[in-house]
Q: 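One structure follows; several queries about it will come next.
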Amino acid sequence: MRWLVGWSSIAASFGTVGAVGHHGEGRTVQPVGSQLLWGDPDPLWAVGDWRPDEIRIITVATPEGAPTARLAVLGCCGATDEQLRVGLLAARGGALRHLTAWSGSYTAVVQIGRRITVAGDLAGARPVFHTPWANGTAYATAALPLADLIEAQLDIGHLAALLACPETPEALGDGTPYAGVKRIPPGHALILREGSREITGYEAVASLAVAAAQTDPVSAVEGVRDALVDAVRARLTAPRHAPETMPPDPGPVPGMGPAERRAARGAPVPGIGADLSGGSASATLALLAAGLPGLPGTVLGHGTGAGERLLAVTFNDLSTQGREDELERARVIAANPRLHHVVVAAGEEALPYASLESGPLTDEPSPSLVVAERHRRRLAAGSADHFVGHGARQVLDAHPARLADLLMDRRRRHLLRPVAALARAEGPSTHSLFVPLAVYRAARRLARTSYRTGLETAASLLPDANRDAPDLDTPAEASLASLAWSRPGPAARWLTGEALAEVSVRLQEAAVRPASVQRPGEARARAALARHAADQRILEQAAEIRSQRLHAPYLDNQVVRAARALPESLRVQPGARAAILRRVLAGAGIHDLPPGWGAPSQATSTAAGRIGLRAALPDLIALFDAPLLADAGLIEARVVRKALRAASEGEPLPLDGLAELASTELWLRRLVTRRGTCWTGTAAPRQRAVAGGVVPARRTLQP
């Protein structure tokens with residue numbers, strides 16, 4: 001886990017300026033295992049196993065050598081030193097957007113005099129947190145270190161909102177699971193001036209009164225292509241890193257080759273690799289990384305390096321059926337001579353809910369905790385720098401609520417193809433004949449519903465979400481439920497009435513607060529992207545392989561911006577994501593794709609989840625025998641255990657909701673039993689956040 005942390009405070013509140021990390025007269029505090037980037041009075045540290053090239057600092061100094069402005073960029077950034085210097089000068093004049101326009105995934109921190117600016121990303125994969133501390137404000141890219149710093153307790157109300165409405169920013173607000181630790185929204189920056197804080201957005205907000213100018217579809221797709229190529233190029237041109245020294249190879253093992261033995265020891269392969277699932281998102285990145293032209297030092301200007309082949313990893317789940325076509329497409333794609341194909345086969349040991357007793361403590365809870373072991377087995381066979389296709393669906397696909405945006409712009413004819421596709425997905429039945437009309441009426445109702453009315457309606461319906469909750473089995477039913485300003489999450493049906501009532505109050509309070517309201521489809525799409533980016537961040541922590549970096553270019557700023565320029569009429573069409581990526585590859589000179597490329601494959605993950613739940617049922621029943629969530633008043637343990645047994649027997653229950661409950665309970669148990677703290681020094685906090693104990697009340701977990 002890697003993070004940065006710093007603070008801004010009134011200089012008079014510190015002791016002798018110059019000693020690192022003062023907290024009062026003659027006392028110091030600093031993060032454990034930190035690397036100081038600059039010192040008092042507003043210090044900044046990088047914590048964790050950062051690579052040398054992942055930390056870049058640009059300084060503008062006076063003729064006497066005293067720094068007047070500094071820029072720290074942490075992560076993978078494709079900008080040159082000169083571009084960073086130009087960005088620093090632009091930030092001095094207040095142009096914060098320049099700090100987020102470079103290729104790659106990174107966090108930028110600017111210090112100009114006593115003013116500090118920390119820019120978050122557009123998707124939410126690199127968030128920024130802050131909390132009041134020492135007569136000022138401390139900030140970090142992880143919430144747990146700040147919770148340790150202020151000895152925070154759990155915010156049970158935020159956990160309830162996270163389970164009840166995970167894709168509703170109005171319910172979550174700017175909170176985190178730790179009381180007193182706040183998060184800045186995606187697309188915003190945190191500005192600190194001698195302890196005072198301000199949160200400002202750096203992206204333009206579209207008008208509700210006038211429809212935004214529609215970009216030409218051809219040029220919009222070209223923009224996505226250029227952004228993806230630049231994102232991949234930024235990773236390929238970065239210095240190569242060999243994995244750190246790992247346990248020695250035990251020698252020949254029957255049935256295991258060198259790659260299998262390396263994966264068993266937990267060491268990634270040196271070089272560049274990528275997922276190759278057979279789907280369009282991961283295949284696009286693998287093909288771009290393997291054949292991107294114009295890279296220095298490559299054979300004939302192609303490939304990932306001189307004589308180097310891209311390692312393509314395909315995961316083969318032996319416990320489920322129905323992935324034969326997808327695996328065949330991956331095999332055909334891997335026939336490219338620039339790819340070295342590795343198939344990772346796994347059975348019940350890699351099912352969801354496997355090895356729940358092991359795993360690190362992550363920054364926050366996330367449904368990805370129950371599939372961490374599944375991903376860890378795949379990533380252990382990957383490379384030191386590994387591309388993943390996560391986020392493509394949320395970035396490129398159209399959220400169903402965008403149909404309402406089309407109606408607001410009087411583009412009714414563009415609804416014909418998506419509603420017809422939903423009717424076909426229902427199959428030949430009497431019900432499918434009414435799907436187009438039902439979807440159109442729901443989209444029109446959402447287009448005519450104001451932001452305040454929509455939230456108030458959702459707040460009034462939320463307390464009854466645990467009674468007769470519908471099972472969203474078909475695509476049409478899921479799309480109809482998504483055509484609203486807010487809808488309950490899949491775990492809401494198992495929350496107590498009191499917990500749902502408290503989340504309802506949050507929605508009612510948010511409805512009357514002034515807000516920069518976007519169109520309903522755009523707002524819902526951004527919320528879904530932020531939710532997925534948060535899950536991706538926690539997945540990287542939960543399935544982390546030492547010395548390995550996961551790269552998700554679809555979540556980069558420039559890719560998200562390019563995708564937002566795509567016309568809505570193009571995005572809502574069936575198969576839009578595969579068509580866009582096909583044109584991206586064609587623009588990069590890649591035309592030969594296997595038949596069926598881009599076909600959806602969501603059904604197999606659902607089947608794996610049900611099989612994994614059935615196999616891990618005894619462990620899950622034990623997990624909810626005396627759950628902390630019940631002590632906090634969020635669930636009734638008996639109800640959840642009954643639901644687990646019913647789902648394992650094949651009853652059509654939302655498996656995502658059960659995964660969220662299990663992940664949150666698992667995270668709570670790891671949190672309250674953790675040892676150690678993130679801080680050291682004579683003034684370090686006396687206790688860590690949520691040091692242990694039970695939940696005596698609805699609001700707090702006392703140590």
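Computed from a predicted model, the values in this text were never measured in an experiment.
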Q: Specify whether Phe387 and His551 have parallel, tilted or perpendicular ring planes, treating 30° as the upper limit for parallel and 60° as the lower limit for perpendicular.
A: tilted
Q: Checking salt bridge (Lys or Arg N to Asp or Glu O under 4.0 Å) against Asp363, which of Arg2, Arg183, Arg537 comes through?
A: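 Answer after filtering Arg2, Arg183, Arg537: Arg537.
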Q: Does any N or O in the side chain of Tyr178 come within less than 3.5 Å of the main-chain N or O of Glu151, such that one atom is a donor and the other an acceptor?
A: no
Q: Verify, without hydrogens or angle tests, whether Ser355 (side chain) and Ser358 (backbone) share a donor-acceptor contact under 3.5 angstrom.
A: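 Checked: no pair found.
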Q: Evaluate Asp148 against Arg674 for salt bridge (Lys or Arg N to Asp or Glu O under 4.0 Å), listing each step before the verdict.
A: CA-CA 12 Å; Asp148 270 357; Arg674 66 189 286 249; 2.9 Å; yes
Q: Looking at Ala384, is its backbone amide N or carbonyl O close enough to the side chain of Arg549 to form a donor-acceptor pair, meaning the two atoms are under 3.5 Å apart?
A: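 Between the backbone of Ala384 and the side chain of Arg549 there is no qualifying donor-acceptor contact (under 3.5 Å).
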Q: Which heavy atom in Val5 sits nearest to a heavy atom in Val47, and how many Å separate them?
A: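 In terms of heavy atoms, the two residues are closest at CG1-CG2, 4.3 Å.
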Q: Given side chains that start at C-beta, do those of Leu159 and Pro365 come closer than 4.5 Å, heavy atoms only?
A: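 Yes, their side chains come closer than 4.5 Å.
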Q: Got more than 12 heavy atoms from elsewhere within 6.0 Å of CD, Glu348?
A: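 Open: at most 12 neighbouring heavy atoms sit under 6.0 Å from CD of Glu348.
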Q: Would you call Leu149 and Trp679 a side-chain contact if the rule is heavy atoms closer than 4.5 Å?
A: yes
Q: Has Asp174 got a side-chain atom pairing as donor or acceptor with Ile184's backbone, closer than 3.5 angstrom?
A: no
Q: Distance-only check: which donor-acceptor pairs under 3.5 Å involve side-chain atoms of residues 639-649, not counting sequence neighbours?
A:
unit_1	atom_1	unit_2	atom_2	d
Arg641	NH1	Phe624	O	2.8
Arg641	NH1	Asp625	O	3.4
Ser648	OG	Leu644	O	3.4
Ser648	OG	Arg645	O	2.7

Q: With a 3.5 Å distance limit and no angle check, can you tell me whether Glu349 reaches the backbone of Gly347 through a side-chain donor-acceptor pair?
A: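 A pair under 3.5 Å: yes.
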Q: Do Leu162 and Arg531 have side chains that get closer than 4.5 Å, going by heavy atoms?
A: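 Result yes, sub-4.5 Å side-chain heavy-atom pair found.
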Q: Can you see which heavy atom on Gly382 is nearest to which on Leu311, and at what distance?
A: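 In this case the closest contact between Gly382 and Leu311 is C-CD2, 3.9 Å.
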Q: Would you say that Gln394 contacts Gln536 through its side chain, given a criterion of any heavy-atom pair below 4.5 Å between the two side chains?
A: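 The answer is no; the side chains never approach within 4.5 Å.
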Q: Write down the atom of Leu634, the atom of Ala160, and the distance for their closest heavy-atom approach.
A: CD2-CB, 3.7 Å
Q: May I ask you to say whether Arg669 pairs ionically with Glu665, meaning some side-chain N is under 4.0 Å from a carboxylate O?
A: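 Yes, charged N to carboxylate O under 4.0 Å.
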Q: So that I can tick it off, tell me whether Arg376 and Glu540 are bridged by a salt bridge, with the cut-off set at under 4.0 angstrom between side-chain N and carboxylate O.
A: no
Q: Should Arg577 and Asp397 be marked as a salt bridge (Lys or Arg N to Asp or Glu O under 4.0 Å) after you check the CA-CA gap, both sets of side-chain angles, and the distance that decides it?
A: CA-CA 6 Å; Arg577 171 162 43 103; Asp397 279 5; 3.0 Å; yes
Q: Keeping His532 on the side-chain end and Gly391 on the backbone end, is there a donor-acceptor pair under 3.5 Å?
A: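 Yes: the side chain of His532 pairs with the backbone of Gly391.
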Q: How long is the gap from CG on Leu369 to CD on Glu660, to the nearest 0.5 Å?
A: 11.0 Å
Q: Give a yes or no on whether the backbone of Pro463 and the side-chain of Ser504 come within a donor-acceptor separation of less than 3.5 Å.
A: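 Judged by distance alone, no pair lies under 3.5 Å.
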Q: For a side-chain hydrogen bond (donor to acceptor under 3.5 Å, both in side chains) with Thr314, tell me which candidate from Arg378, Arg323, Arg331, His341 qualifies.
A: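 Testing Thr314 for a side-chain hydrogen bond (donor to acceptor under 3.5 Å, both in side chains) against Arg378, Arg323, Arg331, His341 leaves exactly one candidate, His341.
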Q: Could you pull out the closest heavy-atom pair between Leu480 and Ala438, with the gap in Å?
A: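 Where Leu480 meets Ala438 most closely, the heavy atoms are CD2-O, 3.6 Å.
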Q: Can a side-chain donor-acceptor contact be found between Asp535 and Ser366 if the only test is distance below 3.5 angstrom?
A: yes
Q: Using atom types as modelled and distance alone, determine if a side-chain donor or acceptor of Ser368 lies under 3.5 Å from a backbone N or O of Ile538.
A: no
Q: Does the side chain of Glu544 come under 3.5 Å of the side chain of Gln548 through a donor N or O and an acceptor N or O?
A: no
Q: State, without any angle test, whether Ser482 and Arg524 hold a side-chain donor-acceptor pair at a distance under 3.5 Å.
A: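 The answer is no; no qualifying pair exists.
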Q: Side chains of Arg126 and Ser105: does their closest heavy-atom pair fall under 4.5 Å?
A: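 Yes, close enough: below the 4.5 Å cut-off.
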Q: Within the structure provided, determine whether Thr362 and Met1 are in side-chain contact (heavy-atom separation under 4.5 Å).
A: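 No, side chains not in contact.
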Q: Less than 4.5 Å apart, any side-chain heavy atom of Ile621 and any of Leu623?
A: no
Q: Any ring pair (Phe, Tyr, Trp, His ring centres under 6.0 Å) pairs touching residues 485-506, not counting sequence neighbours?
A: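 Residue pairs passing ring pair (Phe, Tyr, Trp, His ring centres under 6.0 Å), neighbours aside: Tyr451-Trp485.
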Q: A side-chain contact here means heavy atoms from C-beta on lying under 4.5 Å apart; do Leu671 and Leu154 qualify?
A: yes
Q: If only atom types and distance count, is the side chain of Ser282 paired as donor or acceptor with the main-chain N or O of Ser277 below 3.5 Å?
A: yes
Q: Any sub-3.5 Å donor-acceptor pair from Asp317's side-chain atoms to Ser319's backbone N or O?
A: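 Flag set: sc Asp317 to bb Ser319 pair under 3.5 Å.
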